[in-house]
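Contents: one structure, followed by commentary.
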Amino acid sequence: MTAADERPLTSYDRRMYRLMNRREGDALHATAARRRAVVVGHVALTAVAVWLFSVVGEQRWATFAMLGLLLPWCVATGVINSSTRGLLELRVRALDERQRAERVQVAARSRSVMLWLLLAVAVGAGALTLKGADTEGYLFPVLFSVFVVHWLMPLWVAGLSVRDEPHFDEGVDGIDGLDDLGDLGGAAEAADARPPRP
């Protein structure tokens, strides 16, 4: 943990904390099945957008289709971030010890998945080359796809890894005391302000 992670929470940190801990959309990710559905939908939207951009991006209709996908993609991204309470969006200083450990686990799992994915891509490219196929036209779509998957894999892993929250009093939003954290800062104080998870 660096010294920067121990600095007091800034106004940006507090705004992001409130945003990531809003309770209005909890029904969208209240169960594991709903979270899986949102992640699968996000993966599908991303795959279509990547295909449109990297394969048929020169056609005008593809641009309009990508713009049409942008809104549902952003909504799905927001739902996943809300389900993880900003695990990947918040700075480390705004996370409690449990969340910091979860963030490390998500990074490790994402790295493992990406290693297997890259191995599969390398084996597939090698097999095509041995068969004498012309793979030059696939270079940009494949590299761009791998880049996007590498970028979003932690979000998908975090969305699939999060556990159900226990039921608590709806009248307590869990973040009322956040304004008092300005001088204290750090994960321990932020942890006291949010509802516990199992």
Side-chain angles (χ1 to χ4, degrees), residues 5 9-50 68-114 116-117 145 147-179 181 186-198:
D5 297 335
L9 297 180
T10 64
S11 59
Y12 170 81
D13 293 324
R14 288 191 287 272
R15 283 196 307 270
M16 287 298 294
Y17 182 89
R18 288 191 186 91
L19 178 63
M20 294 298 164
N21 285 276
R22 292 178 68 94
R23 315 298 301 195
E24 292 87 347
D26 282 4
L28 297 173
H29 54 77
T31 65
R34 292 178 187 176
R35 290 191 296 273
R36 283 194 295 268
V38 172
V39 172
V40 169
H42 194 273
V43 171
L45 289 169
T46 301
V48 173
V50 167
L69 293 174
L70 185 60
L71 179 60
W73 186 89
C74 288
V75 170
T77 302
V79 172
I80 298 173
N81 280 327
S82 177
S83 72
T84 65
R85 300 294 174 217
L87 184 69
L88 303 175
E89 295 299 318
L90 296 175
R91 292 174 178 169
V92 175
R93 70 184 74 161
L95 302 176
D96 60 33
E97 291 301 323
R98 177 191 50 77
Q99 287 180 308
R100 291 179 183 184
E102 285 180 2
R103 191 165 175 163
V104 170
Q105 290 177 351
V106 165
R109 289 174 186 164
S110 301
R111 187 165 51 248
S112 178
V113 172
M114 282 305 304
W116 285 106
L117 179 62
S145 300
F147 164 74
V148 172
V149 171
H150 176 73
W151 170 44
L152 293 174
M153 185 61 70
L155 180 68
W156 296 336
V157 170
L160 293 173
S161 301
V162 69
R163 291 173 293 191
D164 293 341
E165 291 186 347
H167 296 289
F168 59 93
D169 185 4
E170 295 293 336
V172 179
D173 63 9
I175 60 173
D176 290 338
L178 190 62
D179 289 330
L181 300 180
E189 291 78 15
D192 294 335
R194 62 170 66 91
R197 283 188 181 167

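What you see is a predicted model, and the numbers here were worked out from it, not measured in a lab.
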Donor-acceptor pair, side chain of [X] and main chain of [Y], under 3.5 angstrom:
X	Y	answer
S110	V106	yes
S112	A108	no
S83	I80	yes

Gap between atom [atom2] of [Y] and atom [atom1] of [X] - 0.5 Å precision:
X	Y	atom1	atom2	result
T84	L160	OG1	CG	11.5 Å
E102	R109	CD	CZ	9.0 Å
M20	L88	CE	CG	9.5 Å
E89	T77	CD	OG1	9.0 Å
L19	R14	CG	CZ	15.0 Å

Would you say that [X] contacts [Y] through its side chain, given a criterion of any heavy-atom pair below 4.5 Å between the two side chains?
X	Y	value
V162	R35	yes
V43	L152	no
Q105	S161	no
T10	D13	yes

Write down the atom of [X], the atom of [Y], and the distance for their closest heavy-atom approach.
X	Y	answer
L95	G86	CD2-O, 4.3 Å
A158	L87	CB-CD2, 4.3 Å
A76	V38	O-CG1, 3.8 Å
N21	R85	OD1-CD, 3.2 Å
A94	Q99	O-OE1, 4.4 Å

*Contacts of type salt bridge (charged side-chain N to carboxylate O under 4.0 Å, His left out), residue R111, not counting sequence neighbours*: none

_Test side chain to side chain contact (heavy atoms under 4.5 Å, CB included) applied to V79 and R34, step by step_ = CA-CA 10 Å; V79 172; R34 292 178 187 176; over 6 Å; no

*Derivation and outcome, side chain to side chain contact (heavy atoms under 4.5 Å, CB included), residues W156 and T46*: CA-CA 11 Å; W156 296 336; T46 301; 3.9 Å; yes

